[in-house]
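Accompanying notes for the structure given below.
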Amino acid sequence: SLYEVEGFRRIADFPRRNLASTPVAFSPCGRWLALIEADDFAHTGVIVIVDMHTGAHSNIQVYGRSELWKYSSSALAFSSDGSRLAVSSL
């Protein structure tokens, strides 16, 4: 969930499946929010980019069922101009 700091008001909810704790990152301009949605049971994962102005989501598949990559991610970070997103994995 996303909360407004003043008043601790919930602003948005994000997709939840079989999630462990996952990183999130705001773009420098504040328009984009990136998060990892991992499904342990289905062995799938996507990076979700949320447009904070419209609420629209874009999904980028990171791995699929047949891949052996361990889908833990320890960090997400946007570049200073917001044009790139770095994802680190364990």
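Remember, it's a predicted structure, so these values are computed and weren't measured experimentally. Residues take their numbers from the sequence shown, with the count starting at 1.
- With sequence neighbours excluded, the residues that form a side chain to side chain contact (heavy atoms under 4.5 Å, CB included) with Thr54 are Asp51, Ala56.
- A distance of 9.5 Å separates CG in Leu35 from CD1 in Ile47, rounded to the nearest 0.5 Å.
- For Glu4, the side chain to side chain donor-acceptor pair (under 3.5 Å) test picks out Arg9, with sequence neighbours left out.
- Between Gly82 and Pro28, the shortest heavy-atom distance links the atoms CA-CD, 3.8 Å.
- Every residue meeting the side chain to side chain contact (heavy atoms under 4.5 Å, CB included) condition with Ala25, not counting sequence neighbours, appears here in chain and number order: Leu76, Phe78.
- For Arg84, there are no salt bridge (Lys or Arg N to Asp or Glu O under 4.0 Å) partners, not counting sequence neighbours.
- Among residues two or more places apart in sequence or in another chain, the side chain to side chain donor-acceptor pair (under 3.5 Å) test is passed with Ser58 by none.
- Phe26 has its side chain within reach of Met52: a pair of non-hydrogen atoms, C-beta onward, lies under 4.5 Å apart.
- At least one side-chain heavy atom of Leu33 sits under 4.5 Å from a side-chain heavy atom of Val24.
- Legend: residues meeting side chain to side chain donor-acceptor pair (under 3.5 Å) with Ser80, ordered by chain and number and at least two apart, are absent.
- Listed by chain and residue number, Phe8 satisfy the ring pair (Phe, Tyr, Trp, His ring centres under 6.0 Å) test with Tyr3 (two or more places apart in sequence, or in another chain).
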